[in-house]
Amino acid sequence: MRIDVVTIFPGYLAPLREALLGRAIDAGLISVAVHDLRTWTHDVHQAVDDAPYGGGPGMVMRPQVWGEALDAVVGDVPSGEAPPRLIVPTPAGRPFTQAMAHEYAAESRLVFACGRYEGIDQRVIDDAATWMPVDEVSIGDYVLVGGEVAVLAIVEAVARLLPGVLGNPASAEQDSFSDGLLEGPAYTRPETWRGRAVPDVLRSGNHGAIARWRRDRALERTAARRPDLLAALPPTALDRADRAL
Ligand SMILES: COc1cccc(Cn2ccc3ccc(-c4cc(N)[nH]n4)cc32)c1
């Protein structure tokens with residue numbers, strides 16, 4: 001997968017080259033190119049923002065600079081080849097989900113536009129949408145200062161789904177949310193720590209009982225913390241034992 005990120009703070013994306021993702025890049029599983037938006041300014045101040053039409057606080061990112069940047073970064077899409085998907089993080093976006101992470105993992109190329117200030121002139125998104133798929137995406141109901149942190153989260157969630165990136169592919173298959181439930185509690189050695197023992201069932205070797213216990217804890221946690229996920233489950237997702245909980 002090829003990933004391009006356009007930002008006025010390229011250094012913010014340095015963590016992409018660390019650890020697991022860094023190894024995936026070194027292994028050639030992913031290519032990541034980070035582009036400084038100011039490359040496409042032409043004035044001495046390298047201005048990327050201007051006052052909002054209609055007034056209001058803050059500044060808006062200029063369409064001319066973004067338009068030139070995306071034209072250059074996306075480049076000419078060879079005929080017959082699918083254009084990349086443009087992902088624009090914003091508080092006003094569609095909530096990013098594990099299902100979307102799987103959708104994005106199936107793409108051969110993703111381009112991320114990192115806004116700052118009060119966001120990017122809407123005409124940039126509207127123009128881009130005439131020649132490539134564009135997703136305006138939120139990573140949660142809170143307001144960041146720019147899109148870079150959201151890109152780090154989205155790229156990590158997507159990259160870990162790519163074949164060969166995770167040492168143990170089973171981890172991704174047994175993800176939280178993969179069965180629509182939250183992950184239950186996890187334990188490792190020692191057996192007792194500060195007077196707290198690991199639940200006996202997990203040391204019983206009874207794999208059926210262990211699976212049942214884990215499912216029960218996941219159902220309890222989901223009901224307590226994310227009843228919306230439970231309500232969204234298809235009726236067939238809960239068996240008789242689940243309902244008895
Ligand atoms: C666009 O509307 C905005 C309104 C107030 C502040 C900001 C700041 N800002 C600029 C670019 C940008 C990109 C993403 C996010 C963001 C995403 C999530 N989930 N929270 N915050 C925030 C961003 C933007």
Side-chain angles (χ1 to χ4, degrees), residues 1-40 69-90 93-116 128 131-140 144 146-183 186-189:
M1 174 182 285
R2 176 180 170 183
I3 295 173
D4 288 275
V5 186
V6 183
T7 170
I8 59 171
F9 294 117
Y12 237 99
L13 282 301
L16 288 180
R17 302 192 191 282
E18 294 295 318
L20 179 114
L21 289 186
R23 289 194 296 274
I25 293 170
D26 295 343
L29 296 171
I30 310 168
S31 76
V32 176
V34 179
H35 310 270
D36 187 338
L37 178 69
R38 295 190 197 277
T39 304
W40 291 279
L70 294 178
D71 288 351
V73 168
V74 177
D76 297 324
V77 180
S79 64
E81 196 176 296
R85 180 174 297 275
L86 175 66
I87 300 169
V88 186
T90 169
R94 183 159 63 108
F96 181 63
T97 63
Q98 189 68 10
M100 288 166 69
H102 279 283
E103 285 172 29
Y104 293 166
E107 301 272 3
S108 57
R109 191 178 174 202
L110 298 174
V111 178
F112 291 88
C114 294
R116 282 271 158 168
W131 56 293
M132 64 184 134
V134 180
D135 285 357
E136 294 183 80
V137 174
S138 165
I139 61 164
L144 300 167
E148 289 79 6
V149 165
V151 169
L152 290 175
I154 294 167
V155 168
E156 181 165 306
V158 171
R160 67 184 289 276
L161 298 175
L162 299 177
V165 172
L166 279 184
N168 174 5
S171 302
E173 285 151 20
Q174 295 165 23
D175 267 345
S176 268
F177 306 103
S178 62
D179 58 0
L181 300 178
L182 300 181
E183 205 75 37
Y187 302 86
T188 187
R189 287 178 295 185

Between [atom1] on residue [X] and [atom2] on residue [Y], distance to nearest 0.5 Å:
X      : Y      : atom1 : atom2 : answer
Trp40  : His35  : CH2   : NE2   : 6.0 Å
Ser138 : Arg94  : OG    : CZ    : 11.5 Å
Leu70  : Met132 : CG    : CE    : 5.0 Å
Leu144 : Thr90  : CG    : OG1   : 10.0 Å
Ser31  : Asp4   : OG    : CG    : 7.0 Å

Sequence neighbours left out, cut at 3.5 Å: what donor-acceptor pairs do the side chains of residues 16-26 make with other protein atoms?
{"from": "Arg17", "atom 1": "NH2", "to": "Val32", "atom 2": "O", "distance (Å)": "3.0"}

Minimum side-chain heavy-atom gap [X]-[Y] below 4.5 Å:
X      : Y      : result
Phe112 : Thr7   : no
Arg85  : Glu103 : no
Ile3   : Tyr104 : no

Could you report the tightest heavy-atom contact between [X] and [Y], atom names first, then the distance?
X      : Y      : value
Pro89  : Ala150 : CB-CB, 3.6 Å
Gly115 : Glu148 : O-OE1, 4.1 Å
Pro84  : Pro133 : O-CD, 3.4 Å
Asp179 : Leu181 : OD1-N, 3.0 Å

### Query
Can you name the one residue among Val5, Ile87, Asp135 that meets side-chain contact (heavy atoms from CB on, under 4.5 Å) with Leu110?
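Only match with Leu110 under side-chain contact (heavy atoms from CB on, under 4.5 Å): Ile87.
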### Task
Please answer whether the main-chain N or O of Val74 pairs with a side-chain N or O of Arg109 as donor and acceptor at a distance below 3.5 Å.
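Yes, the answer is positive, given that a donor and an acceptor are paired below the 3.5 Å cut-off.
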Side-chain donor/acceptor pairs under 3.5 Å, residues 151-165, sequence neighbours excluded:
{"from": "Arg160", "atom 1": "NH1", "to": "Asp175", "atom 2": "OD1", "distance (Å)": "3.1"}
{"from": "Arg160", "atom 1": "NH1", "to": "Asp175", "atom 2": "OD2", "distance (Å)": "2.6"}
{"from": "Arg160", "atom 1": "NH2", "to": "Asp175", "atom 2": "OD1", "distance (Å)": "2.8"}

